[in-house]
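Input: a single structure, listed below in structure tokens.
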2 protein chains.
Amino acid sequence: MLDAFEAILVADGERAATMDATARAAGVSKGGLLYHFASKDALEGGLIQRLAGLVDADVEAIVSAPDGPVRYFLRSSVMADDPLDRAIVAVSRLAQGGSDAASRALHEMRQRWVDALSPHVRDTTALDLVLLVSDGLYFNNALGGDAAAPVPTGAALDALIDLVQEASRP
Amino acid sequence: MLDAFEAILVADGERAATMDATARAAGVSKGGLLYHFASKDALEGGLIQRLAGLVDADVEAIVSAPDGPVRYFLRSSVMADDPLDRAIVAVSRLAQGGSDAASRALHEMRQRWVDALSPHVRDTTALDLVLLVSDGLYFNNALGGDAAAPVPTGAALDALIDLVQEASRP
DNA sequence: GTCTATAAAAAGATAGAC
DNA sequence: GTCTATCTTTTTATAGAC
């Protein structure tokens, strides 16, 4: 059910992610959905909690990345349609829809990234650069929708990461 | 009335920006609002049109900036609560809410920026860098809401711009 | 646990008075 | 132009059968 809710948020936006649509996509009735999540707030809370768990694993992966935390972090900022990316986009949809809990969750996530990356960049300016490029990558993917995503991939992404890495190296 | 609609979108998100709330904030009745904008689609269209006009002026300012287009562009990416910034955030709220017209308007805006900045950066990688940092700045401001915005300002912003400018100089 | 039926509220839109 | 009143649809939530 969380999968269905998340998928609708990512594909069609917050407006379309109703209890009704979620139940239908999950293959249950509205009553069935409401048995597991007693309210829409609870459903959103479930998604936010899922994000928090995925962020735990991500931070772990960042700090122990063989190619270095910055490269790994930027590379994973391009939406690969993996569980974390989907959760981030879905929760940011909720945040832009007006959910304070979602905004708080995203800020917490960002703070954990700051803590993980700080030791591996030159200074706070370099840290800002890395985080903002990552945010930009997510933002563009999140806006995507119908139009083609202008986000760099493949060799262009590698070149961009090289550039950022060079500019931010300690 | 567009001002009211925009303000609610920016402050409280797409969910809160109803015809009812917009009418109340604008100091008119729902009927009064519907006289000027016959539907919610029309209201959103009005906002998108406003954005297009502001983008025209912005592109003009970018290409003729005394300090150089890149510096001007990045500096203006930090939400200064000016008309263009408000319009961008409001329309991106609509886009994330599921409006295809809003998504299209944002992509057009981005394309105009690409055209304006291309001659002033080294290559496409540098262009990606500049655009993504700008997107990151907007994204963070747009998420803001209750929590404190972690976006660099003042001296930190100047340092960041210097770094990006150095990395992207032709 | 899952369903149907239904209540209660909110949102978009129309009609017609002034 | 702006208002009130009303209609329709959608959305969230409850109640109770199975």
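So you know, we letter chains A, B, ... as the sequences are listed, proteins then strands, and number each from 1.
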For atom CZ of A:Arg24 and atom P of D:dT10, their distance in whole Å: 10 Å

Nearest heavy atoms of A:Arg93 and A:Val10, plus distance in Å: NH1-O, 2.8 Å

Is it the case that one hydrophobic cluster holds both B:Tyr72 and B:Val63, taking links as side-chain heavy atoms less than 4.5 Å apart, direct or via other members? no

May I ask whether B:Ile8 and B:Val91 are part of the same hydrophobic cluster, defined by side-chain heavy atoms of I, L, V, M, F, W, Y residues being less than 4.5 angstrom apart, directly or through others? no

Of all heavy-atom pairs between B:Ala23 and B:Leu33, which one has the smallest distance, and what is that distance? N-CD2, 3.9 Å

Worked verdict on B:Leu163 versus A:Asp128 for side-chain contact (heavy atoms from CB on, under 4.5 Å): CA-CA 10 Å; B:Leu163 184 59; A:Asp128 283 336; over 6 Å; no

Letter per nucleotide, 5' to 3', of nucleotides 1-17 of chain C [B base touched, S only sugar-phosphate touched, - untouched; heavy atoms, 4.0 Å]: BBBB------SBBB---

